[in-house]
**Student:** 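Below is a structure I'd like to ask you about.
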There are 2 protein chains.
Amino acid sequence: MRGMEPIDIFKALSNETRLSILQWLKEPEKHFPKQGAHLPKEVSVKGGVCVGDIQEKANVSQSTVSQYLNTMQKAGLLESVRYGQWTYYRRNEEVISKLASYFKTEI
Amino acid sequence: MRGMEPIDIFKALSNETRLSILQWLKEPEKHFPKQGAHLPKEVSVKGGVCVGDIQEKANVSQSTVSQYLNTMQKAGLLESVRYGQWTYYRRNEEVISKLASYFKTEI
DNA sequence: TCATTATATCTAGATTTTCCGATATGTCAA
DNA sequence: TTGACATATCGGAAAATCTAGATATAATGA
């Protein structure tokens, strides 16, 4: 994780769907009831949701959601873990809380 | 001032120059030494800086800075006061602090 | 090995944003 | 009035972003 780039983060947040995804991932169990269905229970991807589940909820094409998630990851808002054929995305709380302080002090 | 629209705010912040303007206006006396030069001293436009001074510092065309300021005002980040032939822009601290709480609680 | 499933990447047309020069509007002072 | 100055708005070419379909990659299981 390189230094936070506020501009890239703001660009990532400048889209209704991407902003929603970030908010959904605050409470994955609430917004993605089937969460973790594919995971054997000894594996934990805490807070992570797979691309397909996010796509279904976001209601955009598969390529679009994949690109959205990539954009958000490059901005630092999300991180991903691959497990088998699934990629689980979750919030990068460290960056997000840095962003909140940036907001308070710099904006 | 209508309800805050986070997306519009993030769009407004997704530009290096606009973001700088917002930050410059945190400390106008520091970044705009000639601040208020046109104002008779009985008139106070506290924290406000005129378009020309902002343009000079931002180093973009007059029409561009005017549009930037308008964008930021529509997003709620700035407010303007006209005095004679000058328009003074300053931060809308109320909206900005609402935004900071929005950030903490919703993002 | 092969078919299937999940995700990523490539490509491109449509849409939006950027940013300027030109021009309009508004204010002041002579 | 008129001319000079400050700012706003208009119009448009270029650049960036959006979003999807097509295709590639990777993992799984039969």
Side-chain angles (χ1 to χ4, degrees), chain A residues 5 7-22 25 32 34-40 43 45 48-75 77-90, chain B residues 5 7-22 25 32 34-40 43 45 48-75 77-90:
Chain A
E5 284 297 336
I7 300 279
D8 290 336
I9 293 181
F10 293 137
K11 281 185 188 172
L13 297 175
S14 294
N15 173 284
E16 201 77 51
T17 302
R18 285 191 300 260
L19 186 56
S20 294
I21 290 172
L22 191 64
L25 289 176
F32 304 94
K34 319 183 299 195
Q35 185 219 13
H38 325 293
L39 287 171
V43 178
V45 186
V49 178
C50 74
V51 179
D53 289 355
I54 298 173
Q55 185 204 341
E56 188 178 342
K57 177 135 183 124
N59 206 36
V60 292
S61 77
Q62 187 270 321
S63 62
T64 297
V65 83
S66 181
Q67 281 173 145
Y68 279 4
L69 295 169
N70 186 250
T71 297
M72 296 170 80
Q73 179 170 30
K74 280 192 299 190
L77 293 167
L78 300 183
E79 54 193 358
S80 67
V81 181
R82 181 167 255 263
Y83 185 78
Q85 50 188 148
W86 292 275
T87 305
Y88 290 83
Y89 282 89
R90 66 181 165 215
Chain B
E5 285 297 338
I7 299 280
D8 291 336
I9 294 181
F10 293 137
K11 281 184 187 173
L13 297 175
S14 295
N15 174 284
E16 201 76 50
T17 303
R18 286 191 300 261
L19 186 56
S20 295
I21 290 172
L22 191 63
L25 290 176
F32 304 94
K34 320 182 302 193
Q35 184 219 16
H38 323 294
L39 286 170
V43 177
V45 185
V49 178
C50 74
V51 179
D53 289 355
I54 298 173
Q55 185 204 341
E56 188 178 340
K57 178 138 181 120
N59 205 37
V60 292
S61 77
Q62 187 270 320
S63 62
T64 297
V65 83
S66 181
Q67 281 173 146
Y68 280 4
L69 295 168
N70 186 250
T71 298
M72 296 170 82
Q73 179 168 31
K74 280 192 298 190
L77 293 167
L78 300 182
E79 54 193 359
S80 67
V81 181
R82 182 167 253 263
Y83 184 79
Q85 41 186 345
W86 292 276
T87 305
Y88 291 83
Y89 282 88
R90 65 182 164 212

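Lettering of chains follows the sequences in order, A, B, ..., and the numbering in each one begins at 1. Excluded from the calculations below are hydrogen atoms, water molecules and symmetry mates; all remaining heavy atoms, backbone and side chain alike, are included.
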**Student:** At 10 degrees resolution, what angle do the end axes of the helix from dT1(C)-dA30(D) to dA30(C)-dT1(D) form when each is taken over five base pairs?
**Tutor:** 10°
**Student:** Atom CG of Asn59(B) to atom C1' of dC19(C): distance rounded to whole Å?
**Tutor:** 13 Å
**Student:** In whole angstrom, what separates Met72(B)'s CE from dT18(C)'s C1'?
**Tutor:** 16 Å
**Student:** Can any side-chain N or O of Ser14(A) pair as donor or acceptor with the backbone N or O of Phe10(A) at less than 3.5 Å?
**Tutor:** yes
**Student:** Could you go through nucleotides 3-5 of chain D and list every protein N or O atom that sits under 3.5 Å from one of its N or O atoms, giving the distance for each pair?
**Tutor:**
unit_1	atom_1	unit_2	atom_2	d
dC5(D)	O2	Gln85(B)	OE1	3.1

**Student:** Could you report the tightest heavy-atom contact between Gln73(A) and Ser80(A), atom names first, then the distance?
**Tutor:** NE2-OG, 3.1 Å
**Student:** Check nucleotides 8-16 of chain C against the protein and report each pair of N or O atoms closer than 3.5 Å, with its distance, or say if there are none.
**Tutor:**
unit_1	atom_1	unit_2	atom_2	d
dA8(C)	OP1	Tyr89(A)	OH	3.1
dA8(C)	OP2	Ser66(A)	OG	3.1
dA8(C)	N7	Gln62(A)	OE1	3.4
dA8(C)	N7	Gln62(A)	NE2	2.9
dA8(C)	N6	Gln62(A)	OE1	2.8

**Student:** Separation of Asp53(A) atom CG from dT7(C) atom C1', in whole Å?
**Tutor:** 13 Å
**Student:** Asp8(A) CG to dA16(D) P: how many Å, rounded?
**Tutor:** 14 Å
**Student:** For Val65(A), which contact category applies under a 4.0 Å heavy-atom criterion: base, sugar-phosphate, or nothing?
**Tutor:** nothing
**Student:** What residues, two or more places apart in sequence or in another chain, satisfy side-chain contact (heavy atoms from CB on, under 4.5 Å) together with Gln67(B)?
**Tutor:** none
**Student:** Working to the nearest 0.5 Å, report the span between OH of Tyr89(B) and CG of Asn70(B).
**Tutor:** 6.0 Å
**Student:** Reading DNA chain D from 5' onward, which residue's closest nucleotide shows up sooner: Arg18(A) or Gly52(B)?
**Tutor:** Gly52(B)
**Student:** How many angstroms lie between CD1 in Ile54(A) and CG in Leu78(A), if you round to the nearest 0.5 Å?
**Tutor:** 7.5 Å
**Student:** Minimum heavy-atom separation for Arg18(A) to Met72(A), with atom names?
**Tutor:** O-CE, 3.2 Å
**Student:** Please report, rounded to the nearest Å, how far the P atom of dA16(D) is from the CD atom of Glu16(B).
**Tutor:** 15 Å
**Student:** In whole angstrom, give the distance that lies between atom OH of Tyr68(B) and atom P of dA8(D).
**Tutor:** 15 Å
**Student:** Between dT9(D) atom C1' and Gln55(B) atom CD, what is the distance in whole Å?
**Tutor:** 15 Å
**Student:** Measure CG/Leu19(B) against P/dT18(C) and give the value in whole Å, please.
**Tutor:** 13 Å
**Student:** Quick one: salt bridge (charged side-chain N to carboxylate O under 4.0 Å, His left out) partners of Glu16(B), sequence neighbours excluded?
**Tutor:** none
**Student:** Between Leu13(A) and Ile7(B), what is the shortest heavy-atom contact and its length?
**Tutor:** O-CD1, 3.6 Å
**Student:** For Thr17(B) and Asn15(B), work out which heavy atoms get closest and say how close.
**Tutor:** N-OD1, 2.9 Å
**Student:** Please name the pair of heavy atoms, one in Ala75(B) and one in Ile9(B), separated by the smallest distance, quoted to 0.1 Å.
**Tutor:** O-CG1, 3.5 Å
**Student:** Quick one: salt bridge (Lys or Arg N to Asp or Glu O under 4.0 Å) pairs with a partner in residues 78-87 of chain B, sequence neighbours left out?
**Tutor:** Glu79(B)-Arg90(B)
